[in-house]
Every structure is written in structure tokens, then in C-alpha cells.
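The structure appears right after this line, and notes come after that.
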Amino acid sequence: MTEMLTANTDTIEMAAKLLKNGEVVAFPTETVYGLGGVITTPSAIDKIFEAKGRPRDNPLIVHVSAKDQVVPLIKEFPKYAEVLMDKFWPGPLTLVMPASDLVLDCITAGLESVAIRMPDNSVALDLISATGVPVAAPSANRSGFPSPTKAGHVLEDMKGRIPLIIDGGATGFGLESTVLDLTEEVPTVLRPGAITLEMLWDAGVHAVLDSGLKPGETPKSPGLKYRHYAPNADVVIVMDKYELAKKLELCDNKEVGILAQSDWKPTNSSGLFYPLSTSGSVEESAALLFDGLRVLDGGGAKVIFVQGFEDNGLGMAYMNRLKKAAYKGEGKI
Ligand code: TXA
Ligand code: MG
């Protein structure tokens, strides 16, 4: 049975107890909900992979509640690590650093590096400190589906698979953290997120965006080779109201869903409409994107038209997720 309980001192204590006993628990962060297990118990890590249906070659992010928890997990601080931790932690920035021998292979998927972040969410921080051990946690969705931004999304995906979901309300950013690889000469963003390239540059770190895979190359971030964020419906990106109107004309309205700013709502369409924002802001839209995909999918839409944004700032993270949701191939991308 899966319990879903509102976050408070008692339920956080209960969750910490479960974690200490080698169980897994879903909890809110400022990005998306995570499914956590203590990093010291291989069977807890196994349960995470099992519950998610996650391929074992996709490593997990270790979540800490204090910077001093990082030291035993790494060989050394790579260049920029401490500057970035001081500036952006707690917050949506995951740092990939050389792993110490203490980090279990099942967490790193056998890589020599470990991804670590400190979430900016009091429930997550209180839970990790009450547990007393860092917590490995991927997003709490079934593998391949949109990440959960509400406790109810976790329940949809994990009912009967995990003992407890701590409900801390809707998450803030709505897209997963930026993953920054510090193990190479040039810091490389493996997954764009709310800490943007521009913000990293302003902090004096001249990071570049991972250019994607060349033929025959192994991905640096194993998670990136899998299909992601995908609802059952087909997803089509539309850049403006006129493109939307044109594409709608070609569809049978009954099975169409639209995910866009309020004033894009067509007057003559009988399709489902989910307002992503009132003003067309990318921040608002990012926070609601995954909920919108789930709602329209659940409402029976066969094609979902989704508002696109320019590929910079937070728009880069938003478009990264949206392009993956829209990808039509099976399995690997
Ligand atoms: O916002 C987030 O990061 C959320 C919340 C729960 O913290 N977590 C999350 O975890 O999105 P997950 O497992 O869904 O995504 C982790 C990503 C994957 O693409 C994985 O391949 C990559 O981080 N990753 C983990 N360890 C890595 C490593 N050592 N080297 C390169 N990439 C790594
Ligand atoms: Mg995920």
C-alpha cells in the first residue's frame, strides 16, 4: 500500500525512519518530486530502480542537506565546485564530480563520477538531515514519463510500488535541475535547467552545453540516451498562435489537446485546453509543463500541441524537455 501524507514534523520523522530502514520514500524538492533511498544501503537503491522501472545504466543524483556531506563522496573538489556550491546551493544545480570509493557502483552505474546536489526545499532538507545520511533520488516518475511536479503525479505512477509519498504541494521550478559536469577541462552542461548557462557565466564559470552524441559515442549522462518526459499522446511543438490555428485545421478537434498561454485558446475548437501561463512567461510555463502533459494525456488527447519558447535562458531547459516529449522514435534517442 502507498500512503500519501502532508509534510509536517511527524510525517518527515516517519519518512526518515523508513529511509533508515532501507525503504524508499517520495518527497518534494524545488524542481520535481524525488524517489529517495539512503546511499549506504544497496537494497534501497535496488528498490528505486525497481519501482521506477529504470535501466540500471542510468546513475542517480545524491542529495545532501549540508555541504560537509559532500567531502566523503568525492576524490577532490574539481575546479569551480566550491564557488558554484557557495553561489547556487541549496538550489537546482547538480554537480558531477570524481567519486570516492565510498559511493556504491549501483548509484553511479559504475562511472567514476558522482552527481550531487543540495535541494532548496525545506521538506527535502529536513528529511535528509533527519535521516543523517545523503539520499540518492531520481525523479519519482515511472521511467520515460514526465517528472512529477505534484504528489498526485507520484501516486499515479507509484501506487502500490512504494510505501510513502510526502506531499509538500506543487514544486517550484517544475523542471529537473541543471546537471553540470566538472570532471572535464571545460565545465559542461549535460542537462539544462533553472540554473542557466548565462547564470553560470555570470558566476565566472565558462560552461558549454553538451553538444549531444556523435555517432558511436557513449553519452556522458547515461540518462540522456533514453526517451523521456513522454506522455502517451503525440506531442507537437507550436511557436505561435497562427501556427497553432493552421495545424488545428488539419486535425479532428475531438482528440486534440492544447497546452499554451491563455490567449492562444481557440474560440472554435472543442479540444482540451490547459493554460500554461497568463502572460506567456517561460517561468510559469516551465512550472506547469509536466502537469499539463499529464492532464491532457489523462483527458484522452491523442495529439497535444504545446507552446514552444526561444532556446535560451530557462527556455533552453524547457525546450530540451519538450523536444524529448515530442520525439517520435522508440527507446533510445
Ligand atoms: O531536479 C532533479 O535533479 C531531480 C530531483 C529529484 O532532484 N532529480 C532528477 O534525477 O532529475 P534523475 O535521475 O531523473 O536525473 C538525473 C540525471 C540523469 O540524466 C543521469 O544520467 C544524470 O543525472 N547523472 C547522474 N549521475 C551522473 C554522472 N555521474 N555523470 C553524468 N550524469 C549523471
Ligand atoms: Mg528523471
Side-chain angles (χ1 to χ4, degrees), residues 24-37 39 45 48-49 51-65 73-75 78 88-100 103-121 123-125 127-128 134-149 153-154 157 166 168 171-184 187-195 210 218-230 286 290 317 320-321 324-325 333:
V24 293
V25 170
F27 61 93
T29 79
E30 81 284 34
T31 57
V32 300
Y33 274 74
L35 179 62
I39 62 161
I45 306 302
I48 295 175
F49 281 97
K52 276 185 65 83
R54 182 180 176 106
R56 301 274 165 169
D57 64 352
N58 192 2
L60 307 179
I61 295 174
V62 174
H63 294 65
V64 297
S65 56
L73 303 176
I74 59 171
K75 282 219 168 86
F88 294 112
W89 281 12
L93 179 66
T94 296
L95 299 176
V96 176
M97 299 186 271
S100 76
V103 187
L104 300 172
D105 271 356
C106 54
I107 293 174
T108 63
L111 296 175
E112 286 181 1
S113 59
V114 58
I116 308 178
R117 88 177 192 97
M118 188 194 292
D120 188 13
N121 174 292
V123 176
L125 291 172
L127 176 61
I128 300 162
V135 170
S139 50
N141 51 290
R142 288 279 292 162
S143 198
F145 287 93
S147 290
T149 54
H153 298 161
V154 183
D157 280 18
I166 296 292
T171 58
F173 291 107
L175 301 177
E176 308 81 351
S177 62
T178 305
V179 177
L180 180 67
D181 183 5
L182 293 177
T183 65
E184 298 286 340
T188 305
V189 170
L190 302 178
R191 179 176 72 184
I195 303 299
D210 189 31
T218 322
K220 272 298 283 194
S221 204
L224 304 180
K225 72 182 176 191
Y226 294 104
R227 186 166 187 237
H228 257 134
Y229 316 110
F290 290 151
N320 169 274
R321 309 309 190 272
K324 287 184 179 177
I333 56 174

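Counting starts at 1 for both ligands and their atoms, in listed order.
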Are any of the side-chain heavy atoms of [X] and [Y] separated by less than 4.5 Å?
| X | Y | result |
| --- | --- | --- |
| Leu73 | Ile116 | yes |
| Ser113 | Thr183 | yes |
| Phe49 | Leu60 | yes |
| Leu125 | Met118 | yes |

- request: Mind checking side chain to side chain contact (heavy atoms under 4.5 Å, CB included) for Ala286 and listing every partner two or more places apart, or none if nothing turns up?
  value: Leu175, Leu314, Tyr318
Sequence-distant partners of Ser147, side chain to side chain contact (heavy atoms under 4.5 Å, CB included), two or more places apart: Val32, Ser139, Asn141, Glu176, Tyr229, Phe290
- prompt: Of the backbone atoms (N, CA, C, O) and the side-chain heavy atoms from C-beta on, which set of Asp181 has a member under 4.0 Å from an atom of ligand 1: side chain, backbone, both, or neither?
  reply: neither
- request: Report the part of Met118 in contact with ligand 1, treating N, CA, C, O as backbone and CB onward as side chain, heavy atoms under 4.0 Å; options are side chain, backbone, both, neither.
  value: neither
message: Checking Arg117 against Thr31: is there a side-chain donor and acceptor pair closer than 3.5 Å?
response: yes
- prompt: Hey, are Ser177 and Arg191 close enough side-chain-wise for a donor-acceptor pair under 3.5 Å?
  reply: yes
Taking only heavy atoms of [X] into account, list the atoms of ligand 1 that are under 4.0 Å away from them.
| X | answer |
| --- | --- |
| Leu190 | 31 (C), 32 (N) |
| Asn58 | 18 (C), 20 (C), 21 (O) |
| Ser113 | 28 (C), 29 (N), 30 (N) |
| Arg117 | 1 (O), 2 (C), 3 (O), 5 (C), 7 (O) |
| Gly34 | 6 (C) |
| Leu111 | 28 (C), 29 (N), 30 (N) |

Does [X] reach ligand 1 with a nitrogen or oxygen that is under 3.5 Å from one of the ligand's nitrogen or oxygen atoms?
| X | answer |
| --- | --- |
| His63 | yes |
| Ser139 | yes |
| Thr29 | no |
| Lys52 | no |
| Glu176 | no |

field: Worked check of side-chain contact (heavy atoms from CB on, under 4.5 Å) between Val64 and Trp89
entry: CA-CA 10 Å; Val64 297; Trp89 281 12; 4.1 Å; yes
query: Quick check: does Asn141 put an N/O/S atom under 2.8 Å from the Mg ion (ligand 2)?
result: no
